[in-house]
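Each ligand, and each atom within it, is numbered from 1 in the order the structure gives. Throughout, numbering of the chain's residues begins at 1 and tracks the sequence.
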Amino acid sequence: MSDNWGFDTTAIHAGAAPDPATGARQVPIYQTTAYVFKDAAHAARLFGLQEVGYIYSRLTNPTVGALQSRIAAMEGGAGAVCCSSGHAAQIMALFPLMQPGCNIVASTRLYGGTVTQFSQTIRRFGWSCKFVDLDDLDAVAAAIDDNTRAIFCESISNPGGYVTDIPAVARVADQARVPLIVDNTLATPYLCKPIEMGATLVVHSLTKYMTGNGTVTGGVVVDSGKFDWSASDKFPSLSAPEPAYHGLKFHETFGNLAFTFHGIAIGLRDLGMTMNPQAAHYTLMGIETLGLRMPRHVENSQKIAEWLEKDPRVTSVTYAGLASSPWHKTAERVYPKGAGALFTFAVKGGYDACVKLVDNLKLFSHVANLGDARSLVIHSASTTHSQLTPEQQKAAGAGPDVVRLSIGIEDAQDLIADLDQALAAASN
Ligand SMILES: *Cc1c(COP(=O)(O)O)cnc(C)c1O
């Protein structure tokens, strides 16, 4: 494996050599639950984590393992753990860091399901979340207290396509010695490498651009391997003896792979949010073309956002690639290859016009997904962000008068023609 490979070579080759048993060139789907031990001593060594190997597919599987290595290489991380969905990845990322009574500081501009997970569901574990506008770095610093165990943001955020100044937020996290977790789903490592900008952990919904064709539900947590878990007593799951693993100290034993080993040995073993090998195989195949797809997603989005912005039937467009966006300068500096392919726009006529527009689009599919080769549309306020209060919707950029577009890789003129006829119908 070469550390000097370019993006596309890494996306195609990292983590996958020809299959040692058969020579199969593509990564086989290892559709097996268990793996035969060589003898009793071998089994005992595997169970004691004295030797790395395969025991049971809830913990490790060669197909999933190839995907983990590939994504770790693409993100510049020390290791990665795949799991069953993007939401599972968020819980997997927080689990080793948190105890009852601990909190996270998270951006107000997040995927709707994440706002619900953080504002409601994690409270059942005794965890809590403070939501802050991450453009206000003083507010971020002020929100951090002795019980804060992570800062969480999206690189490019759902649904508005707003961009986060990751290096600036990472400096605040660094000063407070708190890990920064970046959800890199909308940017992918093609547009943004959060670890190079100071993030500790990266999470993804692999369901979206990484697979790229709407066939898989999956997630991943990537660890930079750079956070010193033993510098304080705040992260006992990683630094102190682990009672659920014969008193093993993960950081002392596994060094920069402590978080990754904990994710497998405790996270997957006990929470069970495992990715299946078929999902890993589809995701590996999707990732091979990520470097070809993302520039086209961005190019189409720029054209369509510019077209919409000039249209008198449209009130506003949020795409950070537009010079009119308040996030444009940050986008150019932090995301020089483009501001992604997800944004919202407001239609004259408000809620009713939005609904009419969605119902009249023909080429765009009306679905609760994004990051597909196909262009997709949804009215966030009544769907993905419907569990949020009106204030939360507004802060997230998902008010009732906006429609969210996920721009695919079709021909831009066909997408524009479809939007044109649907806007005409919505304006009547
Ligand atoms: C879709 C999405 C998630 C959740 O991922 P699932 O795979 O659907 O669980 C999290 N974050 C962002 C930014 C997303 O778009």
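Ring geometry for His262 versus Phe95: interplanar angle of 30 to 60°, hence tilted. Between Phe152 and Phe118, the angle of the ring planes goes over 60°, which puts this pair in the perpendicular group of the 30/60° scheme.
A 6.0 Å sphere centred on OH of Tyr282 holds no more than 12 heavy atoms belonging to other residues, nucleotides or ligands.
For the residue pair Tyr190 / Asp8, no side-chain donor-acceptor distance below 3.5 Å is found, with atom types taken as modelled.
The protein residues lying under 4.0 angstrom from ligand 1, judged by non-hydrogen atoms, are Ser85, Gly86, His87, Gln90, Tyr111, Glu154, Asn158, Asp183, Thr185, Leu186, Ser205, Thr207, Lys208, Gly218, Leu370.
At distances below 3.5 Å, at least one donor-acceptor pair connects side-chain atoms of Asp418 with backbone N or O atoms of Lys362. Within the 3.5 Å criterion, the main-chain N or O of Pro28 finds a donor-acceptor partner in the side chain of Thr63.
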